[in-house]
Structure formats: structure tokens, C-alpha cells
Visitor: 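Please read through the structure below; I'll follow up with questions.
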Amino acid sequence: MSDTYKDLMDISKRRGFIWPSFEIHGSASGFYDYGPLGKKLLDNIKEKWKNYYIQKEGFEEVKSTTIMSKPVFEASGHLSGFEDALTQCKECNNSFRADHLIEEHIEVEPDSLSNKKIEQKIENHNVRCPECGGTLGEVYSFNLMFKTNIGPGKGRAAYLRPETAQGIFVNFNYLYKYNRKSLPFGVVQTGRAYRNEISPRKGVIRMREFQQMEAEVFVEPNEKNHPNFSKVEKEELRLFPIKNQKEDKGYINISTKKAVEKNIIGSEILAYYLAFSKRILKDIGLNIQKIRFRQHLPEERAHYASDCWDIEGETDRFGWIELAGISDRGDYDLKKHAEKSGESLTAFKEFEEPKKLEKWVIEPNMDVLGPKHKQKADIIAEKLKEQDPQKIKKELENNSFILELDEETVEINSEEVNIQKTTKTIKGENIFPHIIEPSFGIDRILYLLMEHSYKKDKLGEGQRSYFNFKPEISPIDLAVFPLMKEEELKLEAEKIYEELNKEYEVVYDENGSIGKRYRRQDEIGTPYCITIDYETLEDDSVTIRQLTSGKQKRVEYKELKSTINDLFSNKKNFKDLK
RNA sequence: GCGGGUGUGGUCUAGCGGUAGGACCUGAGCCUUCCAAGCUCAUAGCCCGGGUUCGAAUCCCGGCACCCGCACCA
């Protein structure tokens, strides 16, 4: 087994990428802090992602609360969906999902049963431990959401959000109006989410407090195309559809366009975001050879999803891990929030042609009915409206007809009721938009980026390790060194440091041999080091050293900044410098 | 949550009942004109809490964390 994970955790702790949280008081598993370098790396990844979704796709960004009151999660389905009824075997101590154990003995949804009822079922049907046949213990609930209260005393029950998405859904009406009542539109949110996992492991890959970057695209239910699909249609995707997983068939490499045509991916828009996400991950610096798109099996699909593809990345130690999920949530979320809150969360969709609706309506004539029937008039009017207009019209042609009330009958004549034909023009209808959700785990992307970027090689006399981060992703952009610890060189170096530090993330280091200082920067992936040597004092030139090759170029001081700008914006290649 | 393993400076490790030693790293200095050089000095450690013992890093119990397997991962 490779020790990349161990190496990375070592570097992370030593150099300030990732630390266990509140370690001095005894850390808790599933919690990690980011040190200065980790924080910068995180920000750079986020910025890149936002650049795609906000600048390129034109999405809006919002920031909603991390604590939300209980009804939000009753509506979203997380309260029941996240709540597991567990039971432990008294003999072998293994834990099981109690509701799964009694599934075959019941007719109703196990979710709807209380723990006591499940316990009774277990007893009545003599359900034993599937492992050892032992007696099962008490049934208890475990909810993956962190619970809290708003306000003093018992307060209002609330939960820490298990995903950022709900904060967007509950704001649908505001967002819809913000977008001037038109579909489609997209909204993003980045931020923390919380899940009280039973037993998190694997470092930042599975945390109890983690960070997400989510986009929610609100579309018309029947329009799951994307206007820019042609821009990604040739993009090759490495797909792992349900069929291939079940039949153990391996991947399909296929263009986005063909995948839609062959109906492997359910809709153009889903396919668009798969390809779009691939570009982002590639641009962040992940090794695209170690990325695949795996379709969720029906049994693992979330309660809200109708189709879902995970973007997975390959790790040395943990195999394939989920980096992002792109799912078609249908109208599940808006519908549920609307039902629970009683608010309408719909969009108005105009018909292409307004519909003319012709209708016969019964209009009770209260002027006559009122004085004649007094307090019974209302009941009669209600009853009249329920009648078939055509039938009544016919009967009235014979002057009157008999209306049956609950306990009596009344004779109604043509003066007491009007039967009319009305025409109504309907311009459109209220619909629940469907939601396409590309959802990314930042922490996992960060870990995978570190792993994919981690390299070891020989340089000069010794071994070194480095991260070949892209310059714009690397936590530190530049390092500035005086070759020797001499006053004249130091003064020059400090001057250059101050100049560059206005625009870039720069470190200054004069400690140790020059070789050692290069290695220090290599280890954290600083793309370029600038060294001030004795030649600088003579002709105002400095050297730029490239991380990956270890090679150096000499540039004039007055061209340094523009050269650096060009290198960072990819206008120039390092090897093309003189 | 269950079973197994591990826990010594920042990192890697020696010590395995007599009161912690090394290497690397880091810092100060000397030396040094471009890739972890050398020398001197310094900082810094037995995961936490109980127990056994004259004495515990070492043995026992409990907790915590990490690793492996199982379960869980909407």
C-alpha cells in the first residue's frame, strides 16, 4: 500500500495545510482545521470554481444560514430520511438498521413506524441478529443532523444544515423575482454543512463539518437542454453507467453528445454540467486520468434525486472517492417546501398560444333566492353550483326542476338561476421548476488535488518532494531570496519582496543555504522563486527559478513584474524566457 | 458502534520498571557566489485520566485520537 496519504498528512501538519481540530483538548474525529496554506489553497479552489459558475455561467451567489428551523428539514425530507432506527445485538454487539430488519414483515413504509412499534415487530416476528442469531436490543434513533435550539429554554428546535442546498430552495420566491420571473436561472452557494457521521475516517475526505460548493439550476420541466451544449458536445467523458456497474463491464469513453443521443445520460443539461464540471476540475489541476463519472444505482440514490452522477477521483489509499454529485432533483424540493409551508413556490409559464376555455357556469340568482328561501338560500346556491349545467338548462326549458337537498327537495325555476356560457383566456400555468444540482465537496477536492499534485524526484544531490500546483492555485505564488545573507543583497531582496507582495502572495526567506530554501518552497508547491545575487548589484537583473524543472532564467529587474504577470496569466511559457 | 493494531520533541524513531537518547526539521552564529554541504550553540517530547509500585514512557483499567476490517455514509 502506498503511503501517499501518510506523506500528505505529514506535510499538512508540518507546513500548515491541515491540522486536527482542537487537538490540545483532545480532537474529535471528523473535524479538521485548515492552516494558513490550507486556507489559501481552499480559497484558490473556491475562486476558480466560482469563476466558472458565476462569471462563465452567469449564476448568482447567495449566502444563507447554517442553522435552520425544524420545519425546513421536515419539508426537505432530511428529518425522516436522515433518521435511522438502530438496534444492537446483545450477543455480538453488531449494530443494524432496525427498519431494514423488519422490512419483510410489514406493509407500510418503515419510516412511519415509531421505535417502539419496530421493537414490537421484532419481538412478534422473532427477528434475530443476522450475524449470529442473537437477541436484539432496544431500538433507538440516530439522526445524522446536529440538533440545536433557537432561543432560551426549550426554544425552537433547529438543526445545522446537512447541505447548503436547502438555503437556496427556501428562498425560491425571492430568487425567482430577482431573476425577473424567468426561467432558467442558476444560483450558487459555498459554505459549511454538518453531518454527525457515525464513524468518520479518512481525514478530510469524510468530515462532520465540511464545506460545499453547490449550484442549483432552476429549469422548466420539459426543457432540459442547454443553450451552450454545442460548446461541450465533443468533450470526452469516462462514464460508468448503472448497466456497466451491474454487469461488471468497465467504463465507456464517449463524447457528451453521443452519451445524450444514446440516452446514457438522461438529459442534455445533466450532460452539460458533467462536461462543464470536468473542465473545472481539470482547470483546478486534478489529474483527469483519475476522474470518472459514475451513475448512482437506484438503491443508492438520495430521496430527492431522479438521476444522479457522481464525479469520482482516484486516490492511492482509498480508491475512488466522490468529489461531486450532479443530480436531477426534479420538482421534489420545491414541491415539498410548498406543501409544508403552504406557500406557492412556482413559476408562471406562458402557453405558446393562450388557451380559450369555454365553460357553462351556473349562477344562482340571489336576488330571488334570498327573499324566497331565507336562511336556506346559501345551501341551495351551493348545491346548485354542483349541478351539471347542461342538464339543468334542459330541465329549465320545462320551466322548473327539482333540486334535492339533504333532507328535502326544492323546486327551482328559471328566474332563480342563470345558466351562462363564459369564455376565459388562460395565458399560462403555474409550474414547479425542476432543479439540476451540481454539488461539490471542497475538502475532498483539496485532498485529491494535493494527492494528484504530489511528486517526488531527484534534483541536484538529493531527493525532493513537491506539489506541481498550477501557479494560480498554489497557496504561495512567489518566494524572494537574497543569495547570501549580506546586507547589500538583503536590501535589494526586501525591496523586490515589497514590490511583488502588493500583487502576489510572496514569502521572503534568507535563512539557510539557497538549496535548502528552494526545497522549502518546493515542498509546498511555490511555482517560482526569485533570487537576488551579486549580478543583481551590477546589472539590476534577478533570476527566476521554476519549481518543476528547477531551471533558472535571468530577467531584468524592470521587466520582472510584467514577466511574472505573463507567467501567471499563461501569456508566456517559462521555457520561452531568454 | 463492534473487532484488531498503534500512540515518545514539529517529523521519523531508540528506550520496554530505576526517572528520556538520536536523526531530521526549526532558530541563533560561523562558513558559504545557486539546489536539503560543514561546524558550534539553542528550542522542543513520553496522548489524557486513574490504578499497581519505593519508583511507570514501560505493567493494568478507562478515555481520546489515528490506522486496518465490519457496519454506516441520506
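Quick note on labels: first sequence line is chain A, next is B, and so on, each numbered from 1.
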Visitor: What does Q463(A) touch in the nucleic acid at a heavy-atom separation under 4.0 angstrom: a base, only the sugar-phosphate, or nothing?
Guide: base

Visitor: Can you tell me the Watson-Crick or wobble partner of rA65(B), both distances under 3.5 angstrom?
Guide: rU6(B)

Visitor: Between rG7(B) atom P and K6(A) atom NZ, what is the distance in whole Å?
Guide: 11 Å

Visitor: Using whole Å, what does the distance between atom C1' of nucleotide rC25(B) and atom CG of D10(A) come to?
Guide: 10 Å

Visitor: Return the nearest nucleotide to the side chain of R206(A); candidates are rC35(B), rC73(B), rC66(B).
Guide: rC73(B)

Visitor: Tell me, please, whether W320(A) has R292(A) positioned over its six-membered ring: NZ or CZ under 6.0 Å from the ring centre and within 45 degrees of its axis?
Guide: yes

Visitor: What distance, rounded to whole Å, do you find between the two P atoms, one in rG29(B) and one in rG45(B)?
Guide: 24 Å

Visitor: If the C1' atom of rG18(B) is compared with that of rA42(B), how far apart are they to the nearest Å?
Guide: 29 Å

Visitor: At under 4.0 Å, does any side-chain N or O of S27(A) touch on OP1 or OP2 of rC66(B)?
Guide: no

Visitor: Please state how far atom CG in N196(A) lies from atom P in rC73(B), giving the value in whole angstrom units.
Guide: 14 Å

Visitor: With a 3.5 Å limit on both atom pairs, tell me what rU58(B) is paired to, counting Watson-Crick and G-U wobble, or say none.
Guide: none

Visitor: Taking the six-membered ring for Trp, are the ring centroids of F440(A) and W49(A) within less than 6.0 Å of each other?
Guide: yes

Visitor: Tell me which of S465(A) and E486(A) sits closer to the 5' end of RNA chain B, going by the nucleotide each one is nearest to.
Guide: E486(A)

Visitor: State the pairing partner of rC46(B); accept Watson-Crick or G-U wobble contacts with both distances under 3.5 Å, and report none otherwise.
Guide: none

Visitor: Taking for each residue the nucleotide of RNA chain B bearing the nearest heavy atom, is the 5' side occupied by G203(A) or by D522(A)?
Guide: D522(A)

Visitor: For rC66(B), does OP1 or OP2 lie under 4.0 Å from any side-chain N or O of K202(A)?
Guide: no

Visitor: Rounding to the closest angstrom, what is the interatomic distance between rC16(B) and rG21(B) at atom P?
Guide: 14 Å

Visitor: Nearest to the side chain of K485(A) - rC35(B), rU32(B), rU11(B)?
Guide: rU32(B)

Visitor: So which nucleotide from rC73(B), rC34(B), rU26(B) ends up closest to the side chain of K516(A)?
Guide: rU26(B)

Visitor: According to a strict under-4.0 Å criterion, is N511(A) in side-chain N/O contact with OP1 or OP2 of rU26(B)?
Guide: no

Visitor: State which of rC34(B), rC66(B), rG27(B) makes the closest approach to the side chain of Q552(A).
Guide: rC34(B)

Visitor: Are OP1 or OP2 of rC67(B) and a side-chain N or O of R317(A) less than 4.0 angstrom apart?
Guide: no

Visitor: Does the side chain of H452(A) pick up a donor-acceptor pair with the side chain of E314(A) at under 3.5 Å?
Guide: no

Visitor: Mind checking the C1' distance from rA23(B) to rG62(B)? Whole angstroms is fine.
Guide: 35 Å

Visitor: Would you tell me whether T315(A) and E451(A) have side-chain atoms, one donor and one acceptor, within less than 3.5 Å of each other?
Guide: no

Visitor: Is the shortest side-chain N to carboxylate O distance from R464(A) to E523(A) below 4.0 Å?
Guide: no

Visitor: For atom C1', what is the distance between rA56(B) and rC46(B), given to the nearest Å?
Guide: 11 Å

Visitor: Between C1' on rC68(B) and CZ on R201(A), what's the gap in Å once rounded to a whole number?
Guide: 8 Å

Visitor: Is there a side-chain polar atom (N or O) of Y32(A) under 4.0 Å from OP1 or OP2 of rC66(B)?
Guide: yes

Visitor: Do the side chain of S29(A) and the base of rC66(B) come within less than 3.5 angstrom through a donor-acceptor pair of N or O atoms?
Guide: no

Visitor: Given salt bridge (charged side-chain N to carboxylate O under 4.0 Å, His left out), test K516(A) with D522(A) step by step and report yes or no.
Guide: CA-CA 10 Å; K516(A) 179 172 275 184; D522(A) 290 346; over 6 Å; no

Visitor: Using a cut-off of less than 4.0 Å, is there contact between a side-chain N or O of Y534(A) and OP1 or OP2 of rC34(B)?
Guide: no

Visitor: I532(A) CD1 to rU33(B) C1': how many Å, rounded?
Guide: 14 Å

Visitor: With a 3.5 angstrom cut-off on both distances, give the Watson-Crick or G-U wobble partner of rU32(B), or none if there isn't one.
Guide: none

Visitor: Kindly point out which of rC34(B), rU32(B), rC68(B) is positioned nearest to the side chain of F318(A)?
Guide: rC68(B)

Visitor: If the cut-off is 4.0 Å, is S513(A) near the phosphate of rA37(B), judged by side-chain N/O to OP1 or OP2?
Guide: yes

Visitor: What interatomic distance, in whole Å, is found between C1' of rU8(B) and the corresponding atom of rU40(B)?
Guide: 27 Å

Visitor: Taking the same atom, P, in rC25(B) and in rC66(B), what whole-Å distance lies between them?
Guide: 29 Å

Visitor: Using whole Å, what does the distance between atom C1' of nucleotide rU26(B) and atom CD of E523(A) come to?
Guide: 13 Å

Visitor: Write down the partner of rC70(B) under the Watson-Crick or G-U wobble criteria, each distance required to be under 3.5 Å.
Guide: rG1(B)

Visitor: Could you tell me how the ring of Y194(A) sits relative to the ring of F146(A): parallel (under 30°), tilted (30 to 60°) or perpendicular (over 60°)?
Guide: perpendicular

Visitor: Quick one: look up who rC41(B) pairs with, Watson-Crick or G-U, both distances under 3.5 Å, and put none if it's unpaired.
Guide: rG27(B)

Visitor: Quickly work out the L459(A) CG to rA37(B) P distance and round it to whole Å.
Guide: 13 Å

Visitor: For the C1' atoms, the ones on rC34(B) and on rG27(B), what distance do you get once it is rounded to whole angstrom?
Guide: 23 Å

Visitor: Mind calculating the distance between NZ (K13(A)) and P (rC67(B)) to the nearest angstrom?
Guide: 10 Å

Visitor: It should be established whether R517(A) places a side-chain nitrogen or oxygen under 4.0 Å from OP1 or OP2 of nucleotide rC34(B).
Guide: no

Visitor: Between R517(A) and F481(A), is NZ or CZ placed under 6.0 angstrom from the six-membered ring centre and within 45° of the ring axis?
Guide: yes

